[in-house]
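Before any comments, here is the structure.
Whatever order the structure lists ligands and atoms in, that order sets their numbers, starting from 1. Numbers for residues simply follow the sequence, beginning at 1.
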Amino acid sequence: LPATVTIDAKPYAYSFPPRHTALVIIDMQRDFLLPTGFGEIQGGDLKAVNECISPTKALLDLFRSVGMQVLHTREGHVPDLSDCPSSKLVRQAAAPGNTQHGLIIGDKGEMGRLLTRGEYGHDIISELKPLRREVVIDKPGKGSFWSTDLMEKLRARAITHLIVTGVTTECCVANTIREANDRGFECCGIVEATAGYNASFKNCTLDMLHWSQGLFAFVSHLQPLLDALL
Ligand code: TIU
């Protein structure tokens with residue numbers, strides 16, 4: 001691996017040291033990607049999020065093949081929901097006439113209890129299944145640092161730079177990048193390898209992340225990264 005790699009990005013070129021750079025794949029769980037899951041119950045557009053699976057797989061294969069670090073995250077709660085703040089439960093509670101939010105976290109869906117650890121729907125889709133040696137962070141929040149040991153895991157691996165992918169751009173990807181930025185990590189989002197439930201939110205979110213000379217992150221594309229590392 002070269003000491004430093006530089007790729008075209010917004011707002012300007014992103015340079016990273018491959019030995020100290022990790023791919024972070026956010027919440028590519030059945031509950032967010034498959035029909036009857038939590039995302040669809042919330043009214044999410046599944047087509048968009050499914051389109052980011054194969055670019056994310058391409059990056060995962062690339063990082064594995066060149067021996068770079070990979071971390072996965074999953075959003076979800078312990079079965080007694082003691083780590084689920086009331087704000088997350090209240091928000092999705094059924095309102096009169098609202099059938100869309102008739103089910104909340106912990107309720108039984110067709111893939112098991114929604115966003116509940118240990119359930120089929122909570123796990124990562126088979127296409128992106130983590131290897132035994134790869135870190136999987138279980139998180140109760142949208143950001144990946146809050147109430148997890150991600151910071152310690154990154155420190156132990158001497159990681160300084162994060163390539164962040166996954167779903168959803170506007171929610172857990174953005175929160176994770178903002179948390180990482182405050183902790184001093186140099187982040188880069190990859191347009192094709194992230195998606196959200198609302199196309200305009202995806203574009204706004206990515207623009208906001210790199211606005212003002214890279215306020216929170218850089219944003220690049222899949223191909224420059226493949227070209228630089230292959
Ligand atoms: N609701 C929504 O857009 N996303 C989430 O709740 N979680 C993630 O983004 N992973």
Side-chain angles (χ1 to χ4, degrees), residues 23-53 55-56 60 71-78 81 83-95 98 100-107 109 111-117 119-125 127-128 130 135-148 150 162-180 187 189-206 208-209 216-217:
L23 176 66
V24 181
I25 303 179
I26 304 290
D27 299 4
M28 292 294 278
Q29 297 160 256
R30 297 187 182 104
D31 255 332
F32 291 121
L33 294 163
L34 300 188
T36 77
F38 185 70
E40 188 175 68
I41 288 168
Q42 284 183 307
D45 168 12
L46 295 188
K47 184 170 174 289
V49 288
N50 275 273
E51 282 169 359
C52 84
I53 296 173
T56 303
L60 177 60
L71 297 93
H72 308 256
T73 70
R74 299 185 294 200
E75 179 181 348
H77 300 278
V78 296
L81 304 185
D83 61 353
C84 188
S86 59
S87 58
K88 281 180 93 168
L89 292 173
V90 165
R91 188 173 64 83
Q92 282 124 201
N98 181 352
Q100 186 179 88
H101 288 172
L103 293 176
I104 63 171
I105 292 170
D107 282 353
M111 294 188 290
R113 293 179 62 204
L114 299 170
L115 286 194
T116 305
R117 292 181 195 172
E119 300 289 337
Y120 181 78
H122 171 264
D123 209 355
I124 292 168
I125 55 171
E127 294 95 316
L128 303 174
V135 172
V136 178
I137 300 288
D138 276 315
K139 61 188 180 71
K142 307 301 187 190
S144 302
F145 289 84
W146 182 72
S147 205
T148 73
L150 177 57
L162 305 176
I163 308 273
V164 185
T165 66
V167 295
T168 62
T169 319
E170 64 271 10
C171 184
C172 295
V173 171
N175 270 33
T176 295
I177 286 176
R178 284 162 177 256
E179 285 187 334
C187 299
I190 303 298
V191 174
E192 296 80 2
T194 184
Y197 290 141
N198 174 314
S200 69
F201 286 173
K202 170 175 169 172
N203 296 328
C204 287
T205 297
L206 292 175
M208 191 197 302
L209 289 170
F216 302 109

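- Both the backbone and the side chain of T168 come within 4.0 Å of ligand 1, counting heavy atoms alone.
- Side-chain atoms of T56 and T165 form no donor-acceptor pair, as typed in the model, at a separation below 3.5 Å.
- The shortest N or O to N or O distance between Q42 and ligand 1 is under 3.5 Å.
- Polar contact check, I26 against ligand 1: no nitrogen or oxygen pair lies under 3.5 Å apart.
- In F38, neither the side chain nor the backbone holds a heavy atom less than 4.0 Å from any atom of ligand 1.
- Considering R117, K139, K88 as possible partners of H77, the one that fulfils the side chain to side chain contact (heavy atoms under 4.5 Å, CB included) test is K88.
- Considering backbone and side-chain N/O atoms, Y197 never comes within less than 3.5 Å of an N/O atom of ligand 1.
- Note: F38 and F32 have perpendicular aromatic rings, judged against thresholds of 30 and 60 degrees for the angle between ring planes.
- With a 4.0 Å cut-off on non-hydrogen atoms, V167 touches ligand 1 through its backbone and not its side chain.
- Heavy-atom proximity to D27, at under 4.0 Å, picks out these atoms of ligand 1: 8 (C), 10 (N).
- With sequence neighbours excluded, no residue forms a salt bridge (Lys or Arg N to Asp or Glu O under 4.0 Å) with K202.
- With a 4.5 Å cut-off on side-chain heavy atoms, R30 and I125 count as touching.
- Every salt bridge (Lys or Arg N to Asp or Glu O under 4.0 Å) that E51 has, sequence neighbours left out, goes to K47.
- Those atoms of ligand 1 that come under 4.0 Å of a heavy atom in K142, given as number and element, are 5 (C), 6 (O).
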